[in-house]
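Data block below; observations after.
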Amino acid sequence: MHAPVPAPAAPPKGRLARFLDSDLFYSFRTSPMAILAGTVAALMTLAALLAGLLAPQNAFDPAALNLMDGYTKPLEQGLGSQGLFVLGADAQGRDILSAILFGSRLSLVVGVASVAFSLVLGVGLGLLAGYVGGRIEALIMRIADIQLSFPAILIALLVFGVARGLIPPHRHEEMAVVVLIIAIGLSNWAQYARTVRASTLVEKNKDYVQAARLLGISPLPVMLKHLLPNVAGPVLVIATINLALAIIEEATLSYLGVGVPATQPSLGTLIRFGQQYLFSGEWWILLFPALALVLLALSINLLGDWLRDALNPKLR
Amino acid sequence: MSNAPFVEVKDLRRVFDVSKPWLNRVLEGGEKQYLKAVDGISFDIARGETFALVGESGSGKSTVARMVVGLLPPSGGGVTIDGVSMADAAQAAARQRLRRRIQMIFQDPYASLNPRWRVDRIVAEPIRAFDLIKGEREIANRVGELLSLVGLHPDDGKKFPHEFSGGQRQRIAIARALASNAEFIVCDEPTSALDVSVQAQILNLMRDLQDRLGLTYLFISHNLAVVRHMASRIGVMYLGRIVEVSGGRELFQAPKHPYTRMLLDAVPDIGMTGRQRVPVNGEIPNPINPPSGCPFNPRCPFANDRCRTERPPLDEGVACHAVHERRIDVPVAA
């Protein structure tokens, strides 16, 4: 009494075709907010990546600035270079549009890299804690608890301060971005570790993990090949939302003056410069970088919210 | 060696620490608590045989299964498979070779296949883990062969587990168990998560494969009808102990232990013979605080003072004072 042999399987579809056919893409297609947020985020990312081609001026090169262009109003020609300044210029004659493009590139790089750093750290430690258990788990999770009781910005400031003390002064400028990435990354790993540990505790008792253990497969491959793909879903949602938070954190640090050097202004640095001129009438120096930051963070945040809802089967 | 049983389980024990956390014990008082999930179990399985363990939920069947395959270290006693002890540190190398020959089929086919892996990768995992076949093309051929063997199409390997029904998933799990050319397969309630109609297909497939490949099964189940279909010998478990062992047919025709009789009385029969039934009364006691003497005495209609104080040994295939003393008549198999 054998079951009838099932009909031959349909030919497997390509990755792209499967993605376009997926529930996730359908949910994206039918959500106007997700499309809007996705478009804005994609355009801003693209513009930031192509800053070198699109920007009228290399905002990071002090030699390209003309002091005579200082305080040019939006949509006016500069006195020195005779160029058109769409969003105006700051005190040094730096074109605000170019500064925003270069600055958001820096903000995005720092944001993505720090999220990647905290993701690797948090997911790794969370997997280890959940799978191994015992003292290692207790140690990792208590460190995470302690860290979560401090504001993230405080931890980033602490890391930044310690790193500056360790690095020789003449290398401060070139190391600033790396230090910033590590500081923001270190202040955010605990959330990933907690989420991953919780899912790992559920997954590790499922029989497919037992089946792998039965084959004598050692813990590291079991964690990476079996558990990781199954605990990654919620983490990606957190990572998307945290990307916006990391960009804001970078802006906050730069606003406080501990972030990137003044010669390579990020969005936060531009806002710090701009606020000095707010009450003397040069409003554009502050307003446009701030708007760019809000738009970038908001669109990424909305994308994260959509992703969270789309991946939550209970809300479908 | 040829006379020794293929699988030998001797005085297997497993104790779980179920105490409250240390801090709570210190603050609220209270002793450490232990749960004897398996309390001294011995049985043998001959090559090519199906030995079944039956019992209610909480009787320790699955714990035995996990200890036999080595997923759970025993607290006492041991398992010897083909002359290799599963606990002896000196035989670690031999045990590593033995691993290939022991596989397990799990209860829930929705949890036993990694949902993110394609079926061909799942089935090929044992082949790759033990490095049995070289070359991707050869592995793919073998996977296709295994899928056909369990009644699936070789092209099904390209799909994900969620594209299959429960019965088909269990076929995939069987294919994975066979992938390493296993000889001894521990089946932990392989059909209890399936529809009745599908159960029969899976059981027939398993018997078919046993005949063709000479497999040895340890079959764990709570379903007597399933066990009757599969097993050549049956052990009845109650509260971590085996209360009766006998051949498959004898157990159903001439049950000795009062617990076995009670279980068999509870099996519904379509024939509507109108026979007098003794309803199942009571439930399995708390294993943290088991009754003294015979574990079955609180539910047993034949219990006397000796049953309440002295633990009956497993003698002539049954652990019951009333049977040993001939206080109750023992039916004879026809």
Side-chain angles (χ1 to χ4, degrees), chain A residues 1-15 17-19 21-23 127 131 133-135 137-138 141-142 199-236 311 313, chain B residues 66 69-72 95-96 99-100 102-119 121-122 125-130 147-148 150-159 161 163-165 167-168 171 173 176-177 179-180 182 186 188 198 200-205 208:
Chain A
M1 204 190 85
H2 255 300
V5 175
K13 294 183 228 164
R15 261 173 206 280
R18 257 189 307 137
F19 174 73
D21 202 29
S22 66
D23 290 351
L127 264 179
Y131 190 70
R135 277 161 201 270
E137 178 185 20
M141 295 327 290
R142 288 307 81 74
S199 335
T200 305
L201 286 179
V202 175
E203 292 292 325
K204 79 166 176 181
N205 285 321
K206 291 203 176 159
D207 288 338
Y208 68 88
V209 178
Q210 306 290 322
R213 285 182 51 206
L214 197 59
L215 299 175
I217 295 173
S218 39
L220 193 64
V222 170
M223 281 193 258
L224 293 182
K225 289 185 185 167
H226 283 282
L227 288 172
L228 186 59
N230 285 296
V231 300
V235 170
L236 290 180
L311 291 180
Chain B
R66 281 170 196 273
V69 295
L71 280 177
L72 194 69
R95 192 163 57 244
Q96 189 57 39
R99 266 220 178 98
R100 180 190 67 71
I102 309 167
Q103 280 298 313
M104 186 156 177
I105 299 171
F106 295 90
Q107 173 173 4
D108 182 1
Y110 291 87
S112 67
L113 308 175
N114 189 336
R116 305 269 166 181
W117 283 27
R118 284 174 200 278
V119 167
R121 190 171 169 205
I122 292 173
E125 193 184 18
I127 301 175
R128 297 208 169 96
F130 296 112
L147 288 175
S148 320
V150 296
L152 294 171
H153 196 277
D155 289 345
D156 286 341
K158 293 277 165 275
K159 297 186 194 167
E163 297 175 60
F164 294 91
S165 70
Q168 288 172 323
R171 286 173 192 268
R176 171 175 63 188
S180 61
V186 174
D188 186 6
V198 181
Q201 291 176 6
I202 296 296
L203 293 174
N204 285 331
L205 172 68
D208 202 45

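Chain letters run A, B, ... following the sequence lines, proteins first and then strands; every chain starts at 1.
A distance-only check finds no donor-acceptor pair linking the side chain of B:Ser180 to the backbone of B:Pro126 [under 3.5 Å]. No donor-acceptor pair closer than 3.5 Å links the side chain of B:Trp117 to the backbone N or O of B:Pro161. A donor-acceptor pair is defined here as one N or O able to donate and one able to accept, closer than 3.5 Å; no such pair exists between the side chain of B:Asn204 and the backbone of B:Gln201.
A distance of 12.5 Å separates CD1 of B:Ile122 from CZ of B:Arg116, quoted to the nearest 0.5 Å. Put simply, NZ on B:Lys159 and CZ on B:Arg118 are 11.5 Å apart, with the number rounded to the nearest 0.5 Å.
Among the residues in residues 200-209 of chain A, those with a non-hydrogen atom closer than 4.5 angstrom to a non-hydrogen atom of chain B are A:Lys206, A:Asp207, A:Tyr208.
Between chain A and the residues B:Gln96, B:Glu163, B:Arg99, B:Gln107, the largest count of heavy-atom pairs under 4.5 Å involves B:Arg99. Of the residues considered (B:Arg176, B:Met104, B:Glu125), B:Glu125 shows the highest number of contacts with chain A, using heavy-atom pairs under 4.5 Å.
Contact of the B:Arg171 side chain with the B:Ile202 side chain is registered, since non-hydrogen atoms from C-beta on lie closer than 4.5 Å. Looking at heavy atoms from C-beta onward, A:Leu214 lies in side-chain contact with B:Leu71 at the 4.5 angstrom threshold. By the 4.5 Å heavy-atom criterion applied to side chains, B:Val119 and B:Leu147 are counted as neighbours.
When heavy atoms are compared at a cutoff of 4.5 Å, B:Gln103 approaches chain A by way of both its backbone and its side chain. Within the 4.5 angstrom heavy-atom criterion, only side-chain atoms of A:Ile217, from C-beta onward, approach chain B. Of the two parts of B:Leu113, only the backbone, made up of N, CA, C and O, holds a non-hydrogen atom closer than 4.5 Å to a non-hydrogen atom of chain A. Heavy atoms closer than 4.5 Å to chain A are found in the side chain of B:Arg66, but not in its backbone. Of the two parts of B:Arg95, neither the backbone nor the side chain holds a non-hydrogen atom closer than 4.5 Å to a non-hydrogen atom of chain A. Looking at B:Tyr110, there are no atoms closer than 4.5 Å to chain A (heavy atoms on both sides), in backbone or side chain.
For the pair B:Gln168 and B:Ser165, the tightest heavy-atom approach, listed with the atom from each and the gap, is OE1-N, 3.0 Å. Closest approach of A:Tyr131 to A:Leu227, counting heavy atoms only: CD1-CD1, 3.5 Å.
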